Amino acid sequence: MRSRPRVTPALALAVTLLTAAACSAPRDDGAAPGAAGRTVTPVRGCAAASWTDPADRSPTRAPARCAPGTPAPHRLTAPRKLTIATGTLSAEYVAPLEVALDKGEFEKEGLKVTLKVLPTPDALPLLAGGDIDALWAAPEAAVMNGIRGGFDIRWVAGNFSPDPESRSGLWARLRDGETAAGVRLAGRSLGTMIGKGSVIAYPMERALERHGGGLDRIRYHQLGSADVLTALRNGGVDSAWLLDPVWRTVDGDPGYAFLGGQPLGEPLGGLLYGRSLLRDDVDAGVALMRAYLRTVDTYFGADYKSDPAFVTYLSRLTKIDERTLRATPSLRVDWEIRAGTTGRLQKAYAAQGATGRARPLPESRTVDRGYYAEAVGHRP
């Protein structure tokens, strides 16, 4: 009797993506999805500082900002229910959405928003089919493969980049005689929560190349969030990607070395829109963006953790221990998307073998800056 072929999670996801793509193929009238071609007018409170050149990748670039309380809401003529999927509600990078919901910023736009916890692989087919409206995640390899298969999905806003003082990123366990400058990672193991195809492939590639590794020259061990640090400390893996505030536990220990993290000034995730906001109701997509930007402008300044009362509020809202929030610097909340980021991500995915030999998608297929441009009144 012939055994049935083994269906891996990656293969199952690919089949799901292709099936959903066939059911949600873009309309054939030749029109591009999204906010392109709409009338853009100046917005009070959003001056020159509300837009930066997408080509500017300087680590010292100040994130775009309008005045607090702006852009002002423009309530939709009819109420609209929206569902935003996110992988977790207990992470600091999700806090702008939770604050916007708690402070009534979505409601001011005529939006009734529900935040739904869903892993990205489960959310993608729903996003493409219009069953959910937006995804708070990242343009991972699965997203690129879905777009390539026919999904209408665009990355429409960034989320954050790290503070220069943060050491969230790639950490290595040093062997005898090694130093931070001399550790070699080729052939060694890496512990990660996502495995191949995550956006951390891009910053990891840069760090590994400086240490004789390379994404195709290391061994991946996919571990649970609670197991990554344990495996690094007990020798189960040679290196690991440690997030805020986990890296604090090894920082300063001479047995470990920080090799690099997310590029400063370059967000690698944020809001992704699907068919409903790219095709069916662009007005609602702009309204959602306006509420997000207004929340950032009002509550997430350069050092929002300097306000003890706000940290206490964030702790209650996100259910993150207050001491944990205080242990790391404020995120640089940043709604803009840098030019070429999805190209650099796709290069890293290809090096991992997460996207096969497919040609990289052009940015016009992966990014739409028109939503936040309209929200701040910027005309390219």
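Note that the structure is a prediction, hence the values are computed from the model and not measured.
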Measure from the side-chain N and O atoms of Asp334 to the backbone N and O of Asn159, and report whether any donor-acceptor pair falls under 3.5 Å.
no
Keeping Trp171 on the side-chain end and Asp251 on the backbone end, is there a donor-acceptor pair under 3.5 Å?
no
Between Trp247 and Tyr256, does the ring centroid distance fall short of 6.0 Å?
no
Just by modelled atom types, is the Ala35 backbone N or O under 3.5 Å from a matching donor or acceptor in the Asp368 side chain?
yes
Less than 4.0 angstrom from a charged side-chain N to a carboxylate O is my criterion; do Glu178 and Arg188 meet it?
yes
Quick one: do Phe151 and Leu118 end up in the same hydrophobic cluster if we chain Ile, Leu, Val, Met, Phe, Trp and Tyr together by side-chain heavy atoms under 4.5 Å apart?
yes
Distance-only, no hydrogens or angles: does the Ser166 side chain make a donor-acceptor pair with backbone N or O of Pro162 under 3.5 Å?
no
Between Trp51 and Tyr372, is the ring pair (Phe, Tyr, Trp, His ring centres under 6.0 Å) condition met? List the steps.
CA-CA 9 Å; Trp51 180 274; Tyr372 64 73; 5.6 Å; yes
Can any side-chain N or O of Ser315 pair as donor or acceptor with the backbone N or O of Val311 at less than 3.5 Å?
no
Would the distance check show the side chain of Tyr220 and the main-chain N or O of Leu215 forming a donor-acceptor pair, the cut-off being under 3.5 Å?
yes
I want to know whether Tyr304 and Tyr299 have ring centres closer than 6.0 Å.
no
To the closest 0.5 Å, what do you measure between CE (Met204) and CG (Leu185)?
10.5 Å
Check: Arg148 side chain, Arg359 main-chain N or O, donor-acceptor pair, under 3.5 Å
yes
If every non-hydrogen atom of Leu277 is compared with every non-hydrogen atom of Asp133, which pair is closest and at what distance?
CD1-O, 3.6 Å
Ala291 backbone acceptor or donor facing Thr295 side chain under 3.5 Å
yes
Before giving the answer on ring pair (Phe, Tyr, Trp, His ring centres under 6.0 Å), spell out for Tyr371 and Trp335 the whole-Å C-alpha distance, their side-chain angles and the decisive distance to 0.1 Å.
CA-CA 11 Å; Tyr371 288 87; Trp335 66 66; over 10 Å; no
Looking at Arg365 and Glu363, is there a salt bridge between them, counting it only when a charged N and a carboxylate O are closer than 4.0 Å?
no
Side-chain donor-acceptor pair present, Gln262, Ser161, cut-off under 3.5 Å:
no
same_hphob_cluster(Leu264, Leu170) at 4.5 Å side-chain heavy-atom cutoff
no
Testing Leu345, Leu361, Leu272 one by one against Thr366 for a side chain to side chain contact (heavy atoms under 4.5 Å, CB included), which residue passes?
Leu361
Step through it carefully: locate the ring centre of Phe300, locate the ring centre of Tyr292, and say whether they are under 6.0 Å apart.
no
Which heavy atom in Leu293 sits nearest to a heavy atom in Pro71, and how many Å separate them?
CB-CD, 4.1 Å
Between the side chain of Glu92 and the main-chain N/O of Leu325, is any donor-acceptor distance below 3.5 Å?
no
Would you call Glu109 and Arg290 a salt bridge, taking side-chain N to carboxylate O under 4.0 Å as the test?
yes
Look at Asp238 together with Arg184 and state whether they make a salt bridge at an N to O cut-off of under 4.0 Å.
no
Taking all non-hydrogen atoms of both residues into account, name the closest pair between Thr249 and Leu229 and its distance.
OG1-CD2, 3.3 Å
Pair Lys108 + Glu105: basic N to acidic O under 4.0 Å:
yes
Assess the residue pair Thr324 and Arg248 against the criterion (side chain to side chain donor-acceptor pair (under 3.5 Å)); give the C-alpha distance rounded to whole Å, side-chain angles, the decisive distance to 0.1 Å, and a yes or no.
CA-CA 10 Å; Thr324 300; Arg248 288 285 194 186; over 6 Å; no
Straight-line distance of Leu268 CG to Arg338 CZ, nearest 0.5 Å
12.0 Å
Could Arg344 and Glu205 be called an ion pair, given the rule that one side-chain N must be under 4.0 Å from one carboxylate O?
no
Closest heavy-atom pair, Thr298 versus Pro68, reported as atoms and distance to 0.1 Å, is OG1-C, 4.0 Å
Least distance between heavy atoms, Thr70 atom then Cys46 atom:
OG1-SG, 4.3 Å
Determine yes or no for a side-chain-to-main-chain donor-acceptor pair under 3.5 angstrom, with Ser168 supplying the side chain and Leu242 the backbone.
yes
To the closest 0.5 Å, what do you measure between OG (Ser239) and CZ (Arg173)?
11.5 Å
